[in-house]
Number of protein chains: 2
Amino acid sequence: MDRTDRAIIDILEHEGRIANVDLAERVNLTPGPCLRRVQRLEATGVIRGYHAEIDPGAVGRGFEVMLDVDLARFDRESVDAFEQALAAFEEVAELHRLFGSPDYFVRIAVADLEAYERFLRDHVQTLPAVQRVSSRFTMKAIKR
Amino acid sequence: MDRTDRAIIDILEHEGRIANVDLAERVNLTPGPCLRRVQRLEATGVIRGYHAEIDPGAVGRGFEVMLDVDLARFDRESVDAFEQALAAFEEVAELHRLFGSPDYFVRIAVADLEAYERFLRDHVQTLPAVQRVSSRFTMKAIKR
DNA sequence: GGTGAAAGCTAGCCGGC
DNA sequence: GCCGGCTAGCTTTCACC
């Protein structure tokens with residue numbers, strides 16, 4: 001992984017759909033070698049995939065909540081069940097296990113307050129190991 | 001925005017570099033009309049851009065911290081200065097203004113604990129309006 | 001929404017350094 | 001081992017129906 005690979009990564013991170021010929025020109029390579037580098041970065045897992053960035057409001061995900069969650073039990077089974085259940089929901093935009101307390105940080109993206117209340121009540125509070133949740137509502141997403 | 005647009009969005013969100021011919025086939029359209037829809041979604045801001053998803057560890061961003069920040073002042077100038085300064089750093093992966101307390105949620109991604117300490121000391125604690133910061137370290141990113 | 005044609009891109013192969 | 005040139009086949013794009 002050299003300077004050129006870094007340059008390729010920086011460009012693809014912001015312009016994920018750039019044509020290979022244009023990418024090659026930006027990093028001072030011809031298209032052949034440039035494509036080989038991109039494919040190697042993909043194969044080695046440095047590039048994990050490509051995604052369109054969607055306006056959350058346009059698809060009913062304009063209401064975002066930061067959620068702190070504490071569990072009551074930490075046996076492997078409880079932890080796995082909690083993580084898998086939560087990660088499977090489309091409403092869960094982000095899920096991190098933390099050191100210390102709270103045990104988890106979750107970012108939820110739903111349409112509105114009502115949808116949030118429903119999601120919390122029906123899909124989070126009902127998970128067996130969940131002990132405590134604490135919500136903080138986002139006013140504005142400044143950077144993502 | 002109809003059912004077909006939704007289908008296009010769902011696919012591009014997960015396969016941002018899919019070829020237009022393949023996308024068209026998946027949503028039962030021919031390439032021409034499919035491309036027009038994608039271009040309209042881009043022009044109206046529903047699709048904001050395309051990004052490669054990079055393995056954080058491979059580019060020195062494997063150490064993630066969730067930061068809560070409270071400000072001392074809320075005049076427009078202080079708020080703007082804080083938000084612009086923070087958003088400009090590459091280390092800031094996410095920045096949300098919240099309702100209530102804390103005032104901000106920030107996700108920081110750096111190489112290691114030492115880099116984090118340096119970033120906090122040199123670039124966050126030094127911002128004039130910052131009153132209090134509280135860090136929570138992530139053990140594992142389960143979903144992003 | 002579909003069609004067709006021009007322009008442009010991708011991805012493999014091979015030779016050179 | 002990595003780059004560049006070349007080429008065949010495919011994709012994108014746009015005007016027109």
Side-chain angles (χ1 to χ4, degrees), chain A residues 1-62 90 93 109 111 143-144, chain B residues 1-63 90 93 109-112 115 143-144:
Chain A
M1 178 111 97
D2 59 9
R3 173 170 244 81
T4 304
D5 282 341
R6 295 291 178 124
I8 288 174
I9 290 168
D10 285 348
I11 293 172
L12 285 177
E13 199 165 355
H14 296 103
E15 298 167 53
R17 246 188 120 99
I18 189 174
N20 182 58
V21 278
D22 296 332
L23 177 61
E25 193 177 346
R26 294 264 290 272
V27 300
N28 297 311
L29 244 47
T30 49
C34 183
L35 182 64
R36 280 195 295 267
R37 279 172 182 267
V38 172
Q39 288 172 336
R40 196 183 57 224
L41 290 168
E42 289 168 356
T44 55
V46 175
I47 296 176
R48 291 180 173 170
Y50 299 89
H51 306 282
E53 181 189 344
I54 306 299
D55 174 10
V59 292
R61 301 235 180 285
E90 293 191 345
K143 182 173 180 180
R144 236 230 98 183
Chain B
M1 174 111 101
D2 59 8
R3 173 170 245 82
T4 304
D5 281 341
R6 295 291 178 124
I8 288 173
I9 290 168
D10 286 348
I11 293 172
L12 285 178
E13 199 164 356
H14 297 103
E15 298 167 53
R17 244 188 122 100
I18 189 175
N20 181 59
V21 278
D22 297 332
L23 177 61
E25 193 177 347
R26 293 263 291 272
V27 300
N28 298 310
L29 244 45
T30 48
C34 183
L35 181 64
R36 281 199 295 268
R37 279 174 181 268
V38 172
Q39 288 172 335
R40 196 184 60 226
L41 291 168
E42 289 167 356
T44 56
V46 174
I47 295 174
R48 290 180 173 169
Y50 300 90
H51 307 281
E53 181 189 345
I54 306 299
D55 174 9
V59 292
R61 300 233 181 288
F63 189 81
E90 293 191 345
V110 290
D112 52 30
K143 183 173 179 179
R144 233 234 99 183

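Residue numbering restarts at 1 for every chain, and letters A, B, ... go by the order of the sequence lines. This one's a predicted model, so the numbers in the text were calculated from it and none came from an experiment.
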*Only pairs at least two apart or in different chains count here, so list each ring pair (Phe, Tyr, Trp, His ring centres under 6.0 Å) that has a residue in residues 10-60 of chain B.*
none
*Return the minimal non-hydrogen interatomic distance between Ala109(B) and Arg61(B), and the atom names on each side.*
O-CD, 3.4 Å
*Could you state the interatomic distance from CD1 (Ile8(A)) to CZ (Arg6(A)), rounded to the nearest 0.5 Å?*
12.5 Å
*Compute the angle between the rotation axes at the two ends of the helix from dG1(C)-dC17(D) to dC17(C)-dG1(D), each taken over five pairs, rounded to 10 degrees.*
30°
_How close do Arg17(B) and Ile18(A) get, counting heavy atoms only, and between which atoms?_
NH2-O, 2.8 Å
*Quickly, which of Leu23(A), Val27(A), Asp2(A) forms a side-chain contact (heavy atoms from CB on, under 4.5 Å) with Arg37(A)? Name it, please.*
Asp2(A)
_Whole-Å gap separating P (dC3(D)) and CZ (Arg40(A))_ = 8 Å
*Ile54(B) pairs by side-chain contact (heavy atoms from CB on, under 4.5 Å) with which of Ile9(A), Asp10(A), Leu12(A)?*
Ile9(A)
_Gap between atoms CE and P, on Met1(A) and dC2(D) respectively (whole Å)_ = 14 Å
*Rounded to the nearest 0.5 Å, what separation is found between the CG atom of Asp5(B) and the CD1 atom of Ile47(B)?*
8.5 Å
Pairs under 3.5 Å (N/O, protein and nucleotides 10-17 of chain D):
unit_1	atom_1	unit_2	atom_2	d
dT12(D)	OP1	Asn20(B)	N	2.6
dT12(D)	OP2	Asn20(B)	N	3.0
dT12(D)	OP2	Val21(B)	N	2.7

*Taking CZ from Arg3(B) and P from dG1(C), how many angstroms apart are they, rounded to a whole number?*
15 Å
_If we check side-chain contact (heavy atoms from CB on, under 4.5 Å) with Glu42(B), which of these qualifies: Thr44(B), Val46(B), Val38(B)?_
Val38(B)
